[in-house]
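Working notes, beginning with the structure itself.
Below, each value reflects all heavy atoms present in this structure, side chains not excepted, and no hydrogens, waters or symmetry copies. Naming: A, B, ... by sequence-line order, numbering from 1 per chain.
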There are 2 protein chains.
Amino acid sequence: MDFEGLADALKALADPTRLRIVSLLNIRDCCVCELVPLFGISQPAVSKHMSRLKASGLVKETRKGMWVFYSLNKDRLAEIGMSLSHLPDLTDELRQLEQKGLLVKCE
Amino acid sequence: MDFEGLADALKALADPTRLRIVSLLNIRDCCVCELVPLFGISQPAVSKHMSRLKASGLVKETRKGMWVFYSLNKDRLAEIGMSLSHLPDLTDELRQLEQKGLLVKCE
DNA sequence: GAAGTATATAACAATATAGTTATATTGTAT
DNA sequence: ATACAATATAACTATATTGTTATATACTTC
């Protein structure tokens with residue numbers, strides 16, 4: 001995952017409401033109508049949060065009749081968490097810049 | 001860490017430039033003047049990113065003469081990553097809401 | 001103390017985000 | 001087909017974010 005991709009995935013999680021949604025889905029699948037009364041925001045707002053989570057691969061949707069059930073992609077969540085402990089190694093980039101004299105020596 | 005706190009910490013990381021800064025600091029401490037030429041943004045922009053990271057406890061600053069060196073708080077970074085795999089358990093909240101009849105049964 | 005360098009803050013602009021209400025879409029049931 | 005329920009999308013608003021330039025602060029050196 002590149003920096004842009006990781007930043008985007010983290011943004012998907014960096015909202016209290018979406019974190020609550022993810023925490024709920026961590027317990028069990030939910031449909032939108034169950035989530036709406038829990039957060040004091042409108043149904044369209046919840047729907048947009050779900051779209052955002054889906055766009056980042058964090059949830060999967062399954063239509064069952066009238067309802068759309070969302071389930072958490074736990075692997076994806078773990079992957080994002082892991083990526084914070086395995087950030088890209090910029091050593092080579094640093095070295096290249098150093099050779100080009102672009103790095104300031106401050107001491 | 002509550003949802004608001006975690007969301008705030010994730011927001012601190014949810015930016016490509018700040019992720020690059022964190023990745024660099026993961027290799028070695030840097031001062032602002034070293035970071036500026038790397039990202040194609042102004043010195044004040046870098047300075048504000050450092051303030052944001054500092055506010056979330058992700059970096060520590062140490063003044064050395066004219067320079068301010070920033071170092072990564074690796075424990076804090078690990079803590080934020082870990083918190084994604086240990087999200088608050090909302091089972092009890094779900095149960096309470098269920099008893100109050102606030103949860104819709106969709107099936 | 002005057003000049004120079006590194007960093008931080010202030011004021012502002014452009015864009016992104018998260019909510020709203022209104023409406024469209026999709027599926028169920030009569 | 002009509003009416004209803006659940007969800008999604010559109011248009012909009014308010015606020016947050018991320019950058020800019022100009023200026024202030026902190027420290028060093030002459």
Side-chain angles (χ1 to χ4, degrees), chain A residues 3-22 24-25 29-56 58-71 102-107, chain B residues 3-22 24-25 29-56 58-71 102-107:
Chain A
F3 290 112
E4 271 71 19
L6 178 54
D8 204 66
L10 290 170
K11 268 181 200 163
L13 289 166
D15 174 88
T17 300
R18 283 196 293 273
L19 280 176
R20 287 191 173 88
I21 291 172
V22 166
L24 276 171
L25 297 182
D29 296 358
C30 290
C31 62
V32 177
C33 64
E34 287 182 298
L35 299 173
V36 170
L38 294 176
F39 303 121
I41 59 175
S42 65
Q43 171 268 315
V46 173
S47 201
K48 281 206 295 186
H49 281 306
M50 300 320 293
S51 293
R52 182 72 180 82
L53 290 171
K54 196 172 58 167
S56 290
L58 275 160
V59 304
K60 193 181 63 189
E61 69 176 38
T62 311
R63 187 170 269 278
K64 288 184 189 170
M66 279 190 299
W67 303 285
V68 176
F69 278 79
Y70 285 94
S71 56
L102 290 174
L103 278 191
V104 183
K105 287 291 181 198
C106 288
E107 47 193 350
Chain B
F3 290 112
E4 271 70 19
L6 179 52
D8 205 66
L10 290 170
K11 269 183 201 162
L13 288 166
D15 174 87
T17 300
R18 284 197 291 274
L19 279 176
R20 287 191 173 88
I21 291 172
V22 166
L24 277 170
L25 297 182
D29 295 0
C30 290
C31 62
V32 176
C33 63
E34 288 183 297
L35 299 173
V36 169
L38 294 175
F39 303 120
I41 58 174
S42 65
Q43 172 267 315
V46 173
S47 201
K48 281 206 295 186
H49 281 305
M50 301 318 295
S51 292
R52 183 72 180 80
L53 290 171
K54 196 172 59 165
S56 289
L58 276 160
V59 304
K60 192 182 63 188
E61 70 177 36
T62 313
R63 189 170 266 279
K64 288 183 190 170
M66 279 191 300
W67 303 286
V68 176
F69 278 80
Y70 285 94
S71 56
L102 291 173
L103 279 191
V104 183
K105 287 291 183 200
C106 288
E107 48 193 351

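- Residue B:Ser42 places none of its side-chain N or O atoms closer than 4.0 Å to OP1 or OP2 of D:dG19.
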Fill in: Verdict with supporting geometry, B:Lys54 and B:Glu61, side chain to side chain contact (heavy atoms under 4.5 Å, CB included)
CA-CA 8 Å; B:Lys54 196 172 59 165; B:Glu61 70 177 36; 3.0 Å; yes
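- For residues 12-21 of chain B, proximity to DNA chain D is found at B:Asp15, B:Thr17, B:Arg18, defined as any non-hydrogen atom under 4.0 angstrom from a strand atom.
- The side chain of A:Tyr70 contributes an N or O atom lying less than 4.0 Å from OP1 or OP2 of D:dA8.
- Taking atom NZ of residue A:Lys11 and atom P of nucleotide D:dT17, one finds them 11 Å apart after rounding to whole Å.
- Here D:dA6 presents its P atom at 10 Å from CD of A:Gln43, a figure rounded to the nearest Å.
- The two residues A:Pro37 and A:Cys33 have their closest heavy-atom pair at CD-O, 3.1 Å.
- Between the CG atom in A:Leu53 and the CG atom in A:Asp15 there is a gap of 9.0 Å [rounded to 0.5 Å].
- With hydrogens and angles ignored, the 3.5 Å screen pairs a side-chain donor or acceptor of B:Arg18 with a backbone N or O of B:Lys11.
- If you measure from atom CD1 of A:Ile41 to atom P of D:dA8, you get 13 Å, rounded to the nearest angstrom.
- Side-chain contact between B:Leu10 and A:Leu19 is present, with at least one heavy-atom pair separated by less than 4.5 Å.
- Taking 4.0 Å as the cut-off between side-chain N and carboxylate O, A:Arg52 and A:Asp8 count as a salt-bridged pair.
- In this entry the distance linking CG of B:Leu35 with C1' of D:dG19 reads 17 Å, nearest Å.
- Atoms CD (A:Glu61) and C1' (C:dT25) sit 13 Å apart, rounded to a whole Å.
- Put simply, CG on A:Leu13 and CG on A:Leu58 are 5.0 Å apart, with the number rounded to the nearest 0.5 Å.
- Near DNA chain D, meaning a heavy atom under 4.0 Å from it, residues 47-55 of chain B has B:Lys48, B:His49 in order of number.
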Find every protein N or O atom lying less than 3.5 Å from an N or O atom of nucleotides 24-30 of chain D, and list the pairs.
none

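- The structure places CG of B:Leu38 at 6.0 Å from CG of B:Leu24, a figure rounded to the nearest 0.5 Å.
- To the nearest 0.5 Å, atom CG of residue B:Leu25 and atom CD of residue B:Glu34 are 10.0 Å apart.
- Note that CD of A:Glu4 and OG1 of B:Thr17 are 8.0 Å apart. Values are rounded to the nearest 0.5 Å.
- Distance CH2 (B:Trp67) to P (C:dT5): 12 Å, rounded to an integer number of Å.
- Comparing atom distances between the A:Pro44 side chain and each of C:dA6, C:dA22, D:dG19 picks out C:dA22 as nearest.
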Practice prompt. Using the side chain to side chain contact (heavy atoms under 4.5 Å, CB included) rule, take B:Ile41 and B:His49 through it: C-alpha gap first, then chi angles, then the decisive distance, then the call.
Written response: CA-CA 11 Å; B:Ile41 58 174; B:His49 281 305; 3.9 Å; yes
